[in-house]
Amino acid sequence: MIFQKIINREVPSDIVYEDDYLIAFKDVNPKAKVHVLIVPKDSSIQNLNDINKGNIYYIEKIFLAVPSIAASLGLTDYKLLTNCGRGAGQEIFHLHFHLMGGGPC
Ligand code: AMP
């Protein structure tokens with residue numbers, strides 16, 4: 001899985017934030033001037049449908065980190081979204097949040 005390989009440093013990426021629970025890196029095909037992906041370090045969570053009481057702490061960690069990641073990228077206004085399922089446009093089945101801003105997105 002590509003995002004796990006990024007976490008493992010087996011695939012290069014432009015990492016903007018990392019801690020014990022999550023990693024954030026620039027989207028390789030940005031749809032906004034600033035477009036990063038925020039990813040929990042648990043590839044068994046494919047999307048929001050896999051969130052449960054045992055792993056909800058990843059969501060807490062991610063949401064608590066979003067404002068400082070956004071600020072570090074110079075964003076005051078931004079969009080945060082996650083695609084859940086192929087029909088919603090999900091291509092990579094490792095939960096991730098798109099953080100986008102810096103212009104139209
Ligand atoms: P989604 O369609 O929500 O699953 O989003 C997957 C995103 O991952 C897309 O915006 C891709 O451009 C992005 N992506 C795929 N491979 C990489 C990669 N190696 N490094 C950074 N972003 C990637």
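These numbers were taken from a predicted model, which means no experiment stands behind them.
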Practice task
Output every pair passing salt bridge (charged side-chain N to carboxylate O under 4.0 Å, His left out) with a member in residues 61-87, not counting sequence neighbours, ordered by first then second residue.
Solution key: none

Completion exercise
What one should report as the nearest heavy-atom pair of Asp27 and Lys31 is OD1-NZ, 4.5 Å

Exercise for the section: Hey, could you give me the CZ/CD1 distance between Phe93 and Ile45, rounded to the nearest 0.5 Å? Expected result: 15.0 Å

Tabulate below the donor-acceptor pairs under 3.5 Å that side-chain atoms of residues 95-105 make, not counting sequence neighbours, or state none.
{"from": "His96", "atom 1": "ND1", "to": "His94", "atom 2": "O", "distance (Å)": "2.7"}
{"from": "His98", "atom 1": "ND1", "to": "His35", "atom 2": "NE2", "distance (Å)": "2.8"}

Exercise for the section: Check the hydrophobic clustering (I, L, V, M, F, W, Y; side-chain heavy atoms under 4.5 Å; chains of links allowed) and say if Leu22 and Tyr57 are grouped together. Expected result: yes

Exercise for the section: Enumerate the residue pairs fulfilling side chain to side chain donor-acceptor pair (under 3.5 Å) with a member in residues 42-51, sequence neighbours excluded, ordered by first and then second residue. Expected result: Asp42-Ser44, Asn47-Gln90

Practice task
Report whether Val66 and Leu81 are members of the same hydrophobic cluster (ILVMFWY, side-chain heavy atoms less than 4.5 Å apart, transitive linking).
Solution key: no

Handout entry: Sequence-distant partners of Asp20, side-chain contact (heavy atoms from CB on, under 4.5 Å), two or more places apart
Key = none

Problem - Same cluster (ILVMFWY, side-chain, under 4.5 Å), Ile7 and Ile2 - result: yes

Practice task
Would you kindly confirm whether Leu80 and Tyr17 end up in one hydrophobic cluster when ILVMFWY residues are joined by side chain heavy atoms under 4.5 Å apart?
Solution key: yes

Exercise for the section: Establish whether Ile15 and Val34 are linked, either directly or via other cluster members, by ILVMFWY side-chain heavy-atom contacts under 4.5 Å. Expected result: no

Practice task
Would you mind listing every salt bridge (charged side-chain N to carboxylate O under 4.0 Å, His left out) that reaches into residues 2-16, with sequence neighbours excluded?
Solution key: Arg9-Glu18, Asp14-Lys26

Exercise for the section: Without swapping roles, check the side chain of Lys41 against the backbone of Asp19 for a donor-acceptor pair under 3.5 Å. Expected result: yes

Problem - Other ILVMFWY residues reachable from Leu64 by side-chain steps of under 4.5 Å - result: none

Practice task
Report yes if the side chains of Ile62 and Tyr21 come closer than 4.5 Å at any heavy-atom pair, otherwise no.
Solution key: no

Problem - Identified side chain to side chain contact (heavy atoms under 4.5 Å, CB included) counterpart of Val16 within the set Leu37, Ile38, Val36 - result: Val36

Fill in the blank from the handout: Rounded to the nearest 0.5 Å, the OG1 atom of Thr82 sits from the CG atom of Leu48 at a distance of 5.0 Å

Exercise for the section: Any pair with a residue in residues 68-90 that passes ring-ring contact (aromatic ring centres under 6.0 Å, His included), sequence neighbours left out, goes on the list, sorted by first then second residue, please. Expected result: none

Handout entry: Which residues share a ring-ring contact (aromatic ring centres under 6.0 Å, His included) with Phe25, sequence neighbours left out
Key = Phe3

